[in-house]
Peer 1: 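Dropping a structure here in structure tokens format, bear with me for questions.
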Amino acid sequence: MSENFATLSIGETTYKLPIVRGTRGDKAIDIRKLFKETGYMTLDSGYMNTGSCSSSITYLDGAKGILDYRGYAIEDLAKNCTFTEVAYLILHGVLPTFDELKSFKQDMRRFALLHEDMIHFFDHFPPNASPMSILSTTVNSLHNYYPEMDEEDAYGGLTVTTARLLAKTRTIAAFSYKKSIGHPLVYPSPKLNYCENFLNMMFDRPNLPYKIKPEVVSALNKLLILHADHEQNCSTSTVRLVGSSGANLYASISAGVSALWGPLHGGANQAVIVMLEDIYADDKDFEKYIAKAKDKNDPYRLTGFGHRVYKTFDPRAKIIKKACDEIFKKLELEDPLLDIAKELEERVSQDEYFIKRNLYPNVDFYSGIIYRAMGIPTDMFPVMFALGRLPGWIAQWTEMKEDRENARIGRPRQIYTGNKRREYIPMKERG
Ligand code: ACO
């Protein structure tokens with residue numbers, strides 16, 4: 001029989017704490033009333049063992065390497081769906097019918113344009129501005145141009161804002177790239193699907209039309225699907241936390257983009273390429289980089305290895321590695337970095353340090369190599385991650401808003417370790 005309570009003893013007193021169970025075996029000790037009843041808080045830096053919410057969007061089992069969106073295995077979705085279909089699933093909880101998908105796509109076409117005034121934003125960033133900073137800033141500014149979302153939110157349906165965000169973020173991403181290389185902007189086409197449109201806006205030129213290859217479209221769909229949600233990771237928790245203060249969806253997503261930017265999170269796909277290039281330029285001295293990563297006096301890490309939750313393998317990495325091999329074969333491509341990546345993985349898989357700590361390639365290890373093959377520049381990789389993660393962020397934000405029972409601002413506590421209360425010292429007496 002499963003227990004309904006955990007007991008906690010502090011000194012002579014015993015407390016009963018309710019146990020909460022999820023639909024697929026997750027179990028948690030509910031400590032929400034602990035502070036009120038005992039005066040004790042829990043301490044969990046980095047939220048290693050803290051559930052911040054209940055959610056019905058994504059299930060993952062880090063020990064078994066399972067990842068499901070709304071109950072569907074990531075392997076099935078990556079094999080059979082387009083990104084738009086999966087975005088619909090994540091946002092609405094069900095796979096769309098033919099008509100539902102058609103109307104979702106129409107919405108995305110309808111909202112793909114940016115307000116023309118926003119185009120000026122791109123002129124005022126310095127030439128080497130990071131695309132992630134442009135993305136975060138511009139997404140935040142969407143609220144100024146489309147403030148009516150507050151009204152929609154009040155009615156509980158964020159359909160228009162969702163379509164706007166999905167469609168316009170894609171446009172912002174492509175425009176920021178075009179501006180960075182000084183090329184004229186390519187506007188979204190009503191004839192193209194989500195991924196085709198993105199690729200066309202990125203690579204079409206008036207003097208050199210871009211030929212959309214189905215293999216590239218298929219690989220892009222796969223990559224975006226694999227990034228579409230990952231429960232309460234750093235950026236998603238940021239989106240929820242910012243939203244919990246009552247900040248609007250655009251501001252919350254913009255904060256999520258900033259959280260994703262870091263090299264320990266979505267910036268890792270970019271950092272992987274830098275690492276592989278370094279190894280290549282260093283006469284493929286793998287052992288030097290592996291030794292650095294193992295040296296406790298050196299902060300260096302092998303980027304693309306390890307994950308907070310996956311401790312056997314990252315199911316996304318498996319699919320991406322296969323997709324990487326497929327696209328290279330189909331398009332008859334070669335990239336020395338792919339060989340470096342494979343050899344590094346092989347060496348790491350036999351190294352006691354990495355085996356003992358369960359460090360396997362994560363989603364970012366091979367994704368950058370595919371993006372490179374598509375012609376996407378390295379500093380745009382985290383932007384690609386953000387495009388993929390968008391439906392997840394929006395669904396998580398909406399779920400949080402709809403959870404009336406737990407509607408409260410996110411606010412962790414702390415153990416204070418500073419000075420005891422002391423007397424104020426006037427300036428002339430400070431030595
Ligand atoms: N290279 C070398 N050592 C590593 C690595 C790595 N990539 N990752 C973890 N370790 C070591 C740590 O030094 C630590 O060793 P210790 O027990 O001897 O102190 C142990 O493995 C556990 O590592 P933590 O940092 O405690 O694990 P945590 O869950 O906090 O971090 C993280 C997970 C951030 C992903 C980490 O593995 C890492 O920094 N990886 C490289 C960056 C990366 O690829 N990030 C992308 C993650 S996926 C994503 O966000 C989409």
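When a ligand or atom number is given, it counts from 1 through the structure's own listing order. Counting from 1, the numbers follow the sequence of the chain as shown.
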Peer 1: Tell me whether Glu196 is salt-bridged to Lys213, with the criterion being a basic N under 4.0 Å from an acidic carboxylate O.
Peer 2: no

Peer 1: What are the atoms of ligand 1, with element, lying closer than 4.0 Å to any heavy atom of Val363?
Peer 2: 51 (C)

Peer 1: Quick check: closest heavy atoms across Val272 and Asp364, and the distance to 0.1 Å?
Peer 2: CG2-O, 3.7 Å

Peer 1: Tell me, please: is Lys296 in heavy-atom contact with ligand 1, that is, under 4.0 Å?
Peer 2: yes

Peer 1: Considering only heavy atoms, does Asn362 approach ligand 1 within less than 4.0 Å through its side chain, its backbone, both, or neither?
Peer 2: side chain

Peer 1: Should you measure from each heavy atom of Arg308, which atoms of ligand 1 turn up under 4.0 Å away?
Peer 2: 28 (P), 29 (O), 30 (O), 33 (C)

Peer 1: Tell me the protein heavy atom at minimum distance from atom 50 (O) of ligand 1, and give that distance in Å.
Peer 2: His265 ND1, 3.0 Å

Peer 1: On a heavy-atom basis, I'd like to know which of Arg389, His307, Arg301 is closest to atom 24 (P) of ligand 1.
Peer 2: Arg301

Peer 1: Give a yes/no verdict on whether any heavy atom in Gly304 is under 4.0 Å from an atom of ligand 1.
Peer 2: yes

Peer 1: Which residue holds the protein heavy atom closest to atom 41 (C) of ligand 1, what is that atom called, and what is the gap in Å?
Peer 2: Phe305 O, 3.4 Å

Peer 1: Closest heavy-atom contact between Thr171 and Leu114?
Peer 2: CG2-CG, 4.0 Å

Peer 1: What atoms of ligand 1 come closer than 4.0 angstrom to any heavy atom of Ala268?
Peer 2: 43 (C), 44 (O), 45 (N), 46 (C)

Peer 1: Would you say Tyr353 touches ligand 1, if touching means a heavy atom closer than 4.0 Å?
Peer 2: yes

Peer 1: Below 4.0 angstrom, N of the basic side chain to O of the carboxylate: do Lys284 and Glu343 qualify?
Peer 2: no

Peer 1: With side chains defined as the heavy atoms from C-beta onward, is the minimum distance between Glu345 and Tyr360 less than 4.5 Å?
Peer 2: no

Peer 1: Do NZ/NE/NH1/NH2 and the carboxylate oxygens of Arg21 and Asp26 come within less than 4.0 Å?
Peer 2: no

Peer 1: Do Lys168's NZ or CZ and the ring of Phe111 fall within the cation-pi criteria of under 6.0 Å and 45°?
Peer 2: no

Peer 1: Quick check on atom 21 (O) of ligand 1 - does any protein heavy atom sit closer than 4.0 Å to it?
Peer 2: yes

Peer 1: Taking NZ, NE, NH1 and NH2 as the nitrogens, is one of them in Arg110 or Asp107 under 4.0 Å from a carboxylate oxygen of the other?
Peer 2: yes

Peer 1: In terms of side-chain geometry, is the basic nitrogen of Lys179 or Asp123 positioned less than 4.0 Å from the acidic oxygen of its partner?
Peer 2: yes

Peer 1: Got a protein heavy atom sitting under 4.0 Å from atom 3 (N) of ligand 1?
Peer 2: yes

Peer 1: Considering only heavy atoms of Asp364, which atoms of ligand 1 have at least one such atom less than 4.0 Å away?
Peer 2: 46 (C), 48 (S), 49 (C), 51 (C)

Peer 1: Report yes if Thr303 has an N/O atom closer than 3.5 Å to an N/O atom of ligand 1; otherwise report no.
Peer 2: no

Peer 1: Quick test: of every protein heavy atom, which one is nearest to atom 17 (O) of ligand 1, and how far off is it to 0.1 Å?
Peer 2: Arg357 NE, 3.7 Å

Peer 1: Just checking, Arg413 and Phe35: is the charged tip under 6.0 Å from the six-membered ring centre and within 45° of the axis?
Peer 2: yes

Peer 1: Is ligand 1 under 4.0 Å from a heavy atom in the side chain of Asp314, in the backbone, in both, or in neither?
Peer 2: neither

Peer 1: Which protein non-hydrogen atom lies closest to atom 7 (N) of ligand 1, naming both residue and atom, and how far is it?
Peer 2: Leu302 O, 2.7 Å

Peer 1: List the closest protein heavy-atom neighbour of atom 10 (N) of ligand 1: residue, atom name, distance to the nearest 0.1 Å.
Peer 2: Leu359 CD1, 3.6 Å

Peer 1: Quick one: which of Pro263, Gly306, Pro361, Gly267 has a heavy atom closest to atom 42 (C) of ligand 1?
Peer 2: Pro263

Peer 1: Which ligand 1 atoms does Phe385 reach within 4.0 Å, using its non-hydrogen atoms?
Peer 2: 51 (C)

Peer 1: Given the rule in the side-chain contact (heavy atoms from CB on, under 4.5 Å) test, do Val216 and Leu199 qualify, once you have shown the distances and angles that lead to the verdict?
Peer 2: CA-CA 9 Å; Val216 175; Leu199 291 165; 3.8 Å; yes

Peer 1: Answer yes or no: does an N/O atom from Phe354 fall short of 3.5 Å to an N/O atom of ligand 1?
Peer 2: no

Peer 1: Which distance, rounded to the nearest 0.5 Å, do you find between the NE2 of His230 and the NE2 of His265?
Peer 2: 10.0 Å

Peer 1: Would you say Met275 and Tyr300 make side-chain contact, with heavy atoms under 4.5 Å?
Peer 2: yes

Peer 1: Identify the protein heavy atom lying closest to atom 45 (N) of ligand 1, giving its residue, its atom name and the separation to 0.1 Å.
Peer 2: Leu264 O, 3.1 Å

